[in-house]
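Note sheet for the following structure.
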Number of protein chains: 2
Amino acid sequence: MEKEKYTIKDAAKLMDVPTSTIRYYDKEGLLPFVERMESGYRIFTEKDIATLRIIDCLKKTGMPIKEIRQFSDWLEQGDASLQQRYEMFLERKRIVEKQMTELQKILDTVNYKCWYYETAIAAGTEKIHHSNEEKVSDNLYLENYQSKI
Amino acid sequence: MEKEKYTIKDAAKLMDVPTSTIRYYDKEGLLPFVERMESGYRIFTEKDIATLRIIDCLKKTGMPIKEIRQFSDWLEQGDASLQQRYEMFLERKRIVEKQMTELQKILDTVNYKCWYYETAIAAGTEKIHHSNEEKVSDNLYLENYQSKI
DNA sequence: ATTGACCTTAAACTCAAGTTTAATGTTATA
DNA sequence: TATAACATTAAACTTGAGTTTAAGGTCAAT
């Protein structure tokens, strides 16, 4: 059986951030659903932790805090905002897919540079990549290399 | 035949950034190789533009400006720094591969939420995801879904 | 030689996303 | 009941990565 209630310290540990980050998110309106004790201490439920994980996922898609706040507002509205929330995730999907494509291109360039330096080190100098013939080799390399991966 | 020399405006247009960004990079020591006219105007060669593109690639791997400065310093040292530059790109490769893995996990979560909202909208309420039986369905969905993609 | 479109720098400013500090209140336990 | 280890807030501070501003110098075409 899992624990049911969490302190801010527990929540912070689960999310692997300092407690100050959780307080900052709350201050920015990301956590309006978090209840308090009479003393003012925050109480996080399992459900709150699950929502924190979704907020973390949105952050990792590159969504700025202000837009995540919109999502939290929609959460407060319940079923009336299902469509908006759905469209938000559809857009995040498109964005992340674009990021993946971009990241693959970056990886191709990094891999090319690895090969560039391997061959330069073997030759003892970068000059081997300066002549026209070698440039042709580079292109041939790139063409083959990218289809091989 | 391509143009041989570029102004800061040309370079900025080629890199799709404002000229202020190029000046900022120069101020931070990223562009020690860029020559000047007697008047002080920067002159970018084809090679400089190629190096700018590599700097842009490094930036897109998440490398901070201060570490890119190290790369520029190594460039100035010529063949003596081939090994260091090679190791730098090997590390960037590992980092980008990790980013790709992480991004795939994020996409899995986003896809799960898309399904979550599709089904909630069809049912007219999110409550369908609250009962224990439905939670089991979620898990089954996730298991099947991720192997299907 | 004047005009407009360029270029230069230093320094101040912006922005997001936190982090730190200070002053104070609460809870668990020995 | 004292004390340690938590918690609270507001406000100031930090960091990275630029952008903007101000004051001025240069270039190309008329």
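Chain identifiers are assigned alphabetically (A, B, ...) following the order of the sequence lines, protein sequences preceding nucleic acid strands; residue numbering begins at 1 within each chain.
By the salt bridge (charged side-chain N to carboxylate O under 4.0 Å, His left out) test, A:Glu76 pairs with no residue at all, sequence neighbours left out. Not counting sequence neighbours, B:Asp73 has no partner by the side chain to side chain donor-acceptor pair (under 3.5 Å) test. Every residue two or more places apart in sequence or in another chain that forms a side chain to side chain donor-acceptor pair (under 3.5 Å) with B:Arg42 is listed here: B:Asp26.
In this structure, A:Phe44 places its CZ atom 13 Å from C1' of D:dT8, rounding to the nearest Å. For the pair B:Leu31 CG and D:dG18 P, the computed distance is 12 Å after rounding to whole Å. Between B:Met15 atom CE and D:dG18 atom P the separation is 11 Å, expressed in whole Å. The nearest whole Å value for the distance from the CD atom in A:Glu28 to the P atom in D:dT9 is 13 Å. Whole-Å rounding puts the B:Arg23 CZ to D:dT19 P distance at 12 Å. For the pair B:Asp56 CG and D:dG18 C1', the interatomic distance rounds to 14 Å; values are reported in whole Å.
Residues from residues 65-73 of chain B lying near DNA chain C, meaning a heavy-atom separation below 4.0 Å, are absent.
Counting heavy atoms from C-beta outward, B:Thr7 and B:Phe44 have side chains that stay 4.5 Å or more apart. The closest side-chain heavy-atom distance from A:Ile22 to A:Leu31 is below 4.5 Å.
Position along DNA chain D of the nearest nucleotide to A:Ile8 versus B:Gly62 favours A:Ile8 as the more 5'-ward residue.
Protein chain A touches strand DNA chain C; the 5'-most and 3'-most nucleotides with an atom under 4.0 angstrom of its non-hydrogen atoms are C:dA17 to C:dT27.
Checking the phosphate oxygens (OP1, OP2) of D:dC6, no side-chain nitrogen or oxygen of A:Thr7 falls inside 4.0 Å. B:Tyr25 has a side-chain polar atom (N or O) that falls below the 4.0 Å cut-off from OP1 or OP2 of D:dG18.
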Inset, instruction - Any chance you could list the contact pattern along nucleotides 24-30 of chain D? Use B for base contacts, S for sugar-phosphate-only contacts and - for none, protein heavy atoms under 4.0 Å, 5' to 3'. - result: -BBS---
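Nearest nucleotide to the side chain of A:Arg42, out of D:dT9, D:dA17, D:dT19: D:dT9.
Taking the six-membered ring for Trp and thresholds of 30 and 60 degrees, A:Tyr116 and A:His129 have nearly parallel ring planes, at less than 30 degrees apart.
Taking the centre of each ring, A:Tyr112 and A:Trp115 come in below the 6.0 Å mark.
Between the side chain of A:Ser81 and the backbone N or O of A:Gln84 there is no donor-acceptor pair closer than 3.5 Å.
Ion pairing of A:Glu97 with A:Arg92 is absent here, as no side-chain N (NZ or NE/NH1/NH2) approaches a carboxylate O to less than 4.0 Å. Taking a cutoff of 4.0 Å between a charged side-chain nitrogen and a carboxylate oxygen, A:Glu35 and A:Lys5 do not qualify as a salt bridge. The residues A:Glu102 and A:Lys98 are annotated as not salt-bridged, no charged nitrogen and carboxylate oxygen being separated by less than 4.0 angstrom.
Residue-level contact check: B:Ser20 touches the bases, meaning some heavy atom is under 4.0 Å from a base atom. When heavy atoms are screened at a 4.0 angstrom cut-off, B:Lys27 is found touching no nucleic acid atom at all.
Looking at A:Glu46 and A:Tyr6, their side chains do bring a donor and an acceptor atom within 3.5 Å of each other.
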